[in-house]
Amino acid sequence: MHNINYIRSNPVEFDNFMKTRGERPIAQKIIEIDKEKRETQTVLQNLLAERNQISKTIGILKSEKKDATKEMAKVDDLKNKLNTLKELETLKDDELKAILSRLPNIPDSTTPIGSNEEENVFYRDWGSKPSFNFDPKFHFEIGENSNLMNFETATKLSGPRFVVLKGQLSKLERAIANFMLDKHTSSNGYVEMHVPYLVKAETLYGTGQLPKFGEDLFTAGDDHWLIPTAEVPLTSLCSNQILNINQLPIRVTSYTPCFRSEAGAAGKDTRGMLRQHQFTKVELVSLVEPEQSNNELERMLNCAEGILKDLNLHYRVMTLCTGDMGFGAKKTYDIEVWLPGEGKYREISSCSNCGDFQARRMNTRYKSNDKNIHVHTLNGSGLAVGRTLIAILENYQTLDGNVEIPEVLKKYFDNQNTLF
RNA sequence: GGAGAGAUGGGUGAGUGGCUUAAACCACAGGUUUGCUAAACCUGCGAAGGGGGUAACCCCUUCCGAGGGUUCGAAUCCCUCUCUCUCCGCCA
């Protein structure tokens, strides 16, 4: 949610920012509605003050057993005006909120301007593409050949875009998640949380998925929605609170399933477990003071990259351009891991600084020198577990169809060297 | 699911239609006193928004779980909903 005062005093700049995010100029309309609302409010409040004054007089007159019919008639007269003005004010306020709640965040000054993913900018990379003396297979070939990755059974149970993992692959999924959680909690200063996977619409509004992107979500009825990412419950932990400054920074992590309808992705990545309706992810979330959020984004990115370095997986980091960034983000880094089977870099983590955008929507503030200031929120995958599993299968595969176990994961496998 | 009780500021908690402009206490912050700490005393201390002023500041409105209603006037009365607690039932 945007600060209306900012739009009021910088309408041109605001429209320019919105343009980079694919929005039409809207500041003039916002200012107009806001002005109407405030004017209505002023008149309304003056009348209310008048009514309160007269009512008080009536109270005094009555207690003195004097006649108050004249005053009562006066207030009666005010009533109609008050109702009309109240309705108008509510109308204008709703209009304003309807517009503001659907506008994306303003990009950071360091976010490259562009219209789609083609214009994302290379930031840095690590490692190099592994070489194979055979044709590396796709992850789903390795998985299906081992009989431990089954898409048909999953489709039988739930339809397309689900998977059943068995035995060592199911264990690998769990080992990856454990490794990530262990690292983030012991070395990176995050506190592990166990959170609900079903949340209210209000919670999704706070992080920005609603009202605009309901189509991407699964709902379980009765105002219960399945989380598309643990960012939603984690960021919302302190919603509607005023924190003490010494509680910051807050760094939390959680391993959860994520549910996405993939409404706009028909026909895209239909083979394998790259794009599923359900997948698991270890999420990182930070709440920090505004001055800290730029540094925190770099820190978070390093925490996510650290996992890939430990797993010895080659990756590159891209800075997303304005047109490819998510709704609530000011700046986003995507980490793309190299998948030799597919021969492509694929997103495995996305780290975003949302500034005060989400904090405004969910009303999370902290007290500093007697002032209440909105916190800055950040979220990042650290990492997507399913895609990490894919990356390990494709990067650690051997000629005989087996998969070597990465050094840091061996302790979860009784120090075995290979998976099968 | 059934029965009952409840929801008031950071916390405890008073307030059943108009001297409530939400008391009091605790916590917290500043100050006085003080060899240090503590105690005592003094002062301050919720949020959102509107208006005025160059400004320090001043005025006003709204908020007592949420939303409606009654009334000249609602924390207080009425209706609906949500949540919490206790007991019973069911249950991993």
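Residue numbers begin at 1 in each chain, while the letters A, B, ... track the order of the sequences. Quick caveat: nothing in here was measured; it's all calculated off a predicted structure.
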Taking the [atom1] atom in each of [N] and [M], what is the distance between them to the nearest angstrom?
N     : M     : atom1 : answer
B:U33 : B:A48 : P     : 36 Å
B:G15 : B:C77 : C1'   : 15 Å
B:U62 : B:G69 : P     : 16 Å
B:G18 : B:G2  : C1'   : 42 Å
B:G46 : B:A23 : P     : 11 Å
B:C25 : B:C19 : C1'   : 23 Å
B:G17 : B:C78 : C1'   : 13 Å
B:A92 : B:U84 : C1'   : 23 Å

Taking atom [atom2] of [N] as reference, at what distance in whole Å does atom [atom1] of [X] sit?
X        : N     : atom1 : atom2 : answer
A:Leu47  : B:C60 : CG    : C1'   : 12 Å
A:Asn363 : B:A47 : CG    : P     : 12 Å
A:Glu39  : B:G51 : CD    : P     : 9 Å
A:His224 : B:C83 : NE2   : C1'   : 13 Å
A:Asn46  : B:U61 : CG    : P     : 9 Å
A:Leu48  : B:U62 : CG    : C1'   : 9 Å
A:Leu243 : B:A47 : CG    : P     : 14 Å
A:Gln41  : B:U62 : CD    : P     : 12 Å

Is there a donor-acceptor contact under 3.5 Å linking the side chains of [X] and [Y]?
X        : Y        : value
A:Thr280 : A:Glu173 : yes
A:Ser350 : A:Asp334 : yes
A:Gln397 : A:Glu141 : no
A:Tyr333 : A:Glu298 : yes
A:Arg299 : A:Asn302 : no

Using OP1 and OP2 only, check whether a side-chain N or O of [X] sits under 4.0 Å from [N].
X        : N     : value
A:Arg38  : B:G51 : yes
A:Asn52  : B:C72 : no
A:Asn244 : B:G10 : no
A:Arg360 : B:A48 : no
A:Arg365 : B:A48 : yes
A:Lys37  : B:G50 : no

A:Ile4 vs A:Ile58, nearer the 5' end of RNA chain B by closest nucleotide = A:Ile4

Take A:Asp76 and A:Ala49, find for each the nucleotide of RNA chain B with the closest heavy atom, and name the residue whose nucleotide sits nearer the 5' end.
-> A:Ala49

hbond_proxy A:Gln45 side chain to B:G51 base (donor-acceptor, 3.5 Å cutoff) | no

Would you classify [X] as touching base, sugar-phosphate or nothing, given that sugar-phosphate means primed atoms plus P, OP1 and OP2, and contacts are heavy atoms under 4.0 Å?
X        : answer
A:Glu71  : nothing
A:Ile54  : nothing
A:Lys200 : nothing
A:Asn372 : sugar-phosphate

Would you find a donor on one side and an acceptor on the other, under 3.5 Å apart, between the side chain of [X] and the backbone of [Y]?
X        : Y        : value
A:Ser261 : A:Glu215 : yes
A:His184 : A:Gly382 : yes
A:Glu71  : A:Ile58  : no
A:Glu394 : A:Gly341 : yes

Atom pairs under 3.5 Å: protein N/O with N/O of nucleotides 63-71 of chain B:
none

Heavy atoms of other groups near A:Glu152 CD, more than 12 under 6.0 Å = no

Pairing string of RNA chain B (Watson-Crick or G-U wobble, both atom distances under 3.5 Å; | = paired to other strand) is ((((((((.[[[..)..(.....]]].(((((.......))))).(((((((....))))))).[[[[[..)....]]]]])))))))....

Test of ring centre spacing under 6.0 Å for A:Phe327 and A:Phe213 | yes

How about A:Phe357 and A:His2: are their ring centroids closer than 6.0 Å?
-> yes

Which nucleotide in the list B:U62, B:A47, B:C72 gets nearest to the side chain of A:Ser55?
-> B:C72

